[in-house]
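Okay, so here's the structure we're looking at.
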Amino acid sequence: MKLNKKQLFHIAEDFFQQQGWTAFPFQKMTWDAFLAGKHGLLNAPTGSGKTYALWVAIVLNYIKNNPDYKTKLKKGLKAIWITPLRSLSNEIEQTSQRFVDGIGLPFTVGIRSGDTPTAERKKQMKSMPDLLITTPESLHLLLASKDHQKFFGNLNAIVIDEWHELLGTKRGVQMELGISRLLGLSQELRVWGISATIGNLEQARQVLLGVDESRFRESVLIKANLKKEIEVKSIIPESMDKFPWRGHLGLHLMKEVVDIINSSKSTLIFTNTRAQCELWFQGLMTNFPELAGEVAMHHGSINKETRIWVENAIRNESLKACVCTSSLDLGVDFAPVETIIQVGGPKGVARFLQRAGRSGHRPGETSVIHFLPTHALELIEASALQKAVSTQAVEDRLPYILCFDVLIQYLCTLAVSGGFYPDEIYPEIKNTFCYASITEDEWDWCLRLIVHGSSSLQSYDEYKRVTIEEDGKYVITDRKVAMRHRLQMGTIVTATDVTVKYVTGGYIGSIEEYFISKLSRGDVFVFAGRTLEFIRLKGMVAQVRNSAKKRAQVSNWQGSKLPLSAQLGELLREEMINFQTGKKRTPEVKALRDIIIRQQRESIIPQRDQFLIETFKTREGYHAVFYPFEGRFVHEAMAGMIAYRISLLKPITFSLAFNDYGFEILSDQEFDMQEVLDNNLLTPEMLSQDLQSSMNATEMARRKFRDIAVISGLVFTGYPNKLIKTKHLQNSSQLLFEVFRDNEPENLLFRQAYTETFEQAIEEYRLFDALERIQNQEIIWKACEKPTPFSFPIITDRLREKLSSEKLADRIKRMQLQWE
DNA sequence: GACCTGCTGCGGTATG
């Protein structure tokens, strides 16, 4: 006899009552939808009880079909819980175990990730727990095991937690593929995702479920709608005298930060880079030694033990403050942090809200975030962020389309796992969002690649990974190929790190090989909050000792650059209106008053329907500065494009500079801005062609190709603890890039490098939108006497790109040849 | 005269 819905809900509600909770409406909605056999996406923030929403649903559904659950338990895996962060596993495990224990269900809960001991993993292979908590990568490793089919036959549910973190990344694509296979292996499977608020939630559901219409129709989108009050406070100094016009560190406001730390139980200080994190920590220790032992530091390159120690110290409130990077965006759930400080522009609304949400982490509590502007113009950003909190207009996460490198890796995974039949797998692939538009030719190309290598690599055996058996099954039988594949699964490609250790043995963390290679014996550098003397590089280990020297260089990393998001750019443009003299009298406006007056005297404050261009002459030459507020990638491309278009009117050399707010073109020759405007050089027409001619797209694509080559398995990164040096890796991937460029430009992986360049490094769509917008704006050209306050951060930018007139002439000639 | 940049995340063999 089956239990009805009312009886089932009773089981859950009794448990909730025991705990002293009441179920939220969104939790009950989730139970309801799941019991009705639906797939879905749940939009709920961390700490809202989202784990209980889905895990309870899964359990109730099992009980529904197995009423004598307390005595008779079917063996085997019933649900998989995917988390993008290993460190979240334990919490999910505890939450889940608490519920099944509470209702007396003999379910077992297990974790499988890189941290799981070998013995435990072997045990799992013999007998899987009822719930397995794992990562996308570990799931694929399971899919690569010989008898994986037997694990998944009775799988009822897969939950992708933090789906917004995966969406828009290649890990997300890998997840789509994993889901597609599990749907093929298990008829009863329900697919659920959990996502924080993003701009494109509907699309997030689509990507999760694939393009099968009937599956989408059987799905729901449930929004938790838990209102969260967020209070934003700008950190503004008493006097603006020492406030820099440019800069990004914000150290001049350290005293104000210490006041906040002292008046709060616990504070997280978010910085934008690891080097900045080191500098802030160092600064606090030297200027406020009384804080020693009360303030810690946390970023991605610090050794794991230290990080875990810090996270626990935050949890049990034994720390006053912690300086960190995005490494603390997630994790440390339910930690009682009282106050958040954001140092410098957060670059996006979603990131700002997420960080704000780390404080007041209990229902009904207000989150408090202090924003620290690192230079004068960031006061406008401070003001825009206040508005961002009320409008909650968060960014989209754009999913990848036709990611051939991940597909090729996946096909090899299936080939390792005992083999696959293309006809069986192709429909599954076609049903994913990422590969919905793949053509049969492209599919065949991928199959050929793994069997024969690409057309220009056919004579090299190492690229022939897969063989076709008589019945048409694609398999990898070579043990070495299989092993190398397992070693290199996943889509995260990072620079090769060097381990930093004391000569005496203590492990401190890791730094990029690139930084270490610049050091010589005796050099002193700051890392992990310590001042260290470099002694020698031994293999991939940098040996160091403590140093008492005062002067030291700060470690830095070649991390990726985050441009200002479109949403925040738009808010910024809108916010300008409040900064005209005589308008609102907020603290930000008051603080910026002197600069605004000066800006208005020399030029104007552009309003939302105006596009400002300033020109002026200095010792350096003739400057033209443009202010689209579209983030540095778009500005870099736009600067190159306009410089190129002007050079078509007359041969001229430009230096380019750009930041998140605008860009500058500079020449030692005078050029006529009126002519630029008359010729409509800001038009989106011919954009792609002009970008091709003005950007060094080949160089950018070459860099992108390295990751693609690694993910698709064309380049091997080495054995653990014996990693191949970045330089060698680059050499081999560059070699392939050139072979493809010269011999087979139709190569899908080679083409993918260009697609990714235009989409991510140039943000072509956004550039196009920006140019369209400018077409509809009133263009205001101000011929100024001297540099304006707005232009200052841009023109002093040390990043200069020389685009020589000669090179341009070459390009023009080439283009002319093409037209003839 | 003001200035020095660039996040996060996962995985793991064979052999001595």
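In what follows, every chain begins at residue 1, and chains take the letters A, B, ... in the order their sequences are listed.
Within residues 134-143 of chain A, the residues having any heavy atom closer than 4.0 Å to DNA chain B are, in order of number, A:Thr135, A:Glu137, A:Ser138, A:Leu141.
As rounded to whole Å, 7 Å separates atom C1' of B:dG1 from atom CZ of A:Phe792. For the pair A:Gln276 CD and B:dC4 P, the computed distance is 10 Å after rounding to whole Å. Rounded to whole angstrom, the span from the CD atom of A:Gln760 across to the C1' atom of B:dG6 amounts to 16 Å. When the C1' atom of B:dT8 is taken as reference, atom CD of A:Gln558 falls 17 Å away, rounded to whole Å. Atom-to-atom, CG of A:Leu328 to P of B:dG9 comes out at 9 Å; the value is rounded to the nearest Å. The separation between A:Lys170 atom NZ and B:dT8 atom C1' is 16 Å, rounded to whole Å. Atom CD in A:Glu311 sits about 13 Å away from atom C1' in B:dT8, given to the nearest Å. Atom CG in A:Asp478 sits roughly 17 Å away from atom P in B:dT13 (whole-Å rounding).
For a distance-only test at 3.5 Å, the side chain of A:Ser326 qualifies as a donor-acceptor partner of the base of B:dC7.
Taking only side-chain nitrogens and oxygens, A:Ser113 never comes nearer than 4.0 Å to OP1 or OP2 of B:dC10. Residue A:Arg171 places none of its side-chain N or O atoms closer than 4.0 Å to OP1 or OP2 of B:dT8. Side-chain N/O atoms of A:Arg112 include none lying less than 4.0 angstrom from OP1 or OP2 on B:dC10. Side-chain nitrogen and oxygen atoms of A:Arg121 include at least one within less than 4.0 Å of the OP1 or OP2 phosphate oxygen of B:dG12. Under 4.0 angstrom from either OP1 or OP2 of B:dC7 there lies at least one side-chain N or O belonging to A:Arg274.
Shortest non-hydrogen contact noted between A:Lys170 and A:Tyr400 is N-CE1, 3.7 Å.
Among the atoms of the strands shown, only primed sugar atoms or phosphate atoms (P, OP1, OP2) are found under 4.0 Å from some heavy atom of A:His299. Across all strands, A:Arg86 comes closer than 4.0 Å only to sugar-phosphate atoms, never to a base (heavy-atom distances). Contact annotation for A:Arg479: backbone-only contact, meaning every heavy-atom pair under 4.0 Å involves sugar-phosphate atoms and none involves a base. At the heavy-atom level, A:Arg598 lies under 4.0 Å from base atoms of the strands shown. Using a 4.0 Å heavy-atom criterion, one finds that A:Gly490 contacts no nucleic acid atom at all.
For the side chain to side chain contact (heavy atoms under 4.5 Å, CB included) criterion with A:Leu379, the lone passing option out of A:Ile596, A:Ile595, A:Leu592 is A:Leu592.
A cation-pi arrangement is present between A:Arg484 and A:Phe716, with the terminal nitrogen or guanidinium carbon under 6.0 Å from the aromatic centre and inside a 45° cone about the axis.
Both A:Leu249 and A:Gly718 lie near DNA chain B, and the one whose nearest nucleotide falls closer to the 5' end is A:Leu249. Comparing A:Leu562 and A:Leu487 by the nucleotide of DNA chain B that holds the closest heavy atom to each, the one mapping nearer the 5' end is A:Leu562.
With sequence neighbours left out, the side-chain hydrogen bond (donor to acceptor under 3.5 Å, both in side chains) criterion links A:Lys549 to no other residue.
Although no hydrogens or angles enter the test, the distance criterion places a donor-acceptor pair under 3.5 Å between the side chain of A:Arg397 and the main chain of A:His164. With hydrogens and angles disregarded, a donor-acceptor distance shorter than 3.5 Å links the side chain of A:Asn659 to the backbone of A:Gly662. At distances below 3.5 Å, not a single donor-acceptor pair connects side-chain atoms of A:Asp660 with backbone N or O atoms of A:Pro563.
Ranking B:dC7, B:dG6, B:dG9 by closeness to the A:Ser560 side chain, first place goes to B:dC7.
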Quiz prompt | Stepwise side-chain hydrogen bond (donor to acceptor under 3.5 Å, both in side chains) test for A:Glu602 and A:Thr788 | solution = CA-CA 6 Å; A:Glu602 313 275 340; A:Thr788 62; over 6 Å; no
